[in-house]
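Quick notes on the structure that follows.
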Amino acid sequence: QRYGGDVPLTTMRKELERIKSDPASIVPDASKPGQTKLLPIVIEPQSGATYGDVASTVDVVKAVGFEEINFGGGRGPAPKR
């Protein structure tokens with residue numbers, strides 16, 4: 001699921017809680033054979049996102065219970081205006 005712009009953190013939290021409760025979100029833990037974990041989350045800050053935006057997002061993701069957080073990127077330079 002992608003979120004962008006002005007999505008309220010409460011909306012994001014509700015969606016993350018829904019994802020967490022979905023049995024498909026539980027995956028095998030390769031580092032602990034025989035155990036499972038929540039799937040990893042990828043945060044891809046978009047052009048214009050501030051450090052505060054990313055930090056708030058990470059706080060919500062952790063509060064819901066996701067432990068493996070990765071950061072995406074590599075979309076190239078922002079479009080010229």
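Just the heavy atoms: all of them, side chains too, but no hydrogens, waters or symmetry mates, feed the values below.
Put simply, CD1 on Ile43 and CD1 on Ile41 are 7.5 Å apart, with the number rounded to the nearest 0.5 Å. Distance check, rounded to the nearest 0.5 Å: CD1 of Ile26 to CG of Leu38 gives 4.5 Å. How far NZ of Lys14 is from CZ of Arg18: 13.5 Å, rounded to the nearest 0.5 Å.
Within the structure, every pair that satisfies the side chain to side chain donor-acceptor pair (under 3.5 Å) test and touches residues 34-43, not counting sequence neighbours, is listed here: Lys37-Glu68. The stretch residues 19-31 participates, sequence neighbours left out, in no salt bridge (charged side-chain N to carboxylate O under 4.0 Å, His left out) pair at all.
Minimum heavy-atom separation, Ala24 to Leu39: O-CD2, 4.3 Å. Heavy-atom minimum distance, Gly72 versus Pro45: O-CD, 4.1 Å.
With hydrogens and angles ignored, the 3.5 Å screen pairs a side-chain donor or acceptor of Ser25 with a backbone N or O of Ile19. In this structure a side-chain-to-backbone donor-acceptor pair under 3.5 Å is missing from Glu44 to Val42.
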Check residues 54-64 and write down every donor-acceptor pair under 3.5 Å in which the side-chain atom is one partner and the other belongs to a residue at least two apart or another chain.
residue, atom, partner, partner atom, Å
Ser56, OG, Gly52, O, 3.0
Thr57, OG1, Asp53, O, 2.9

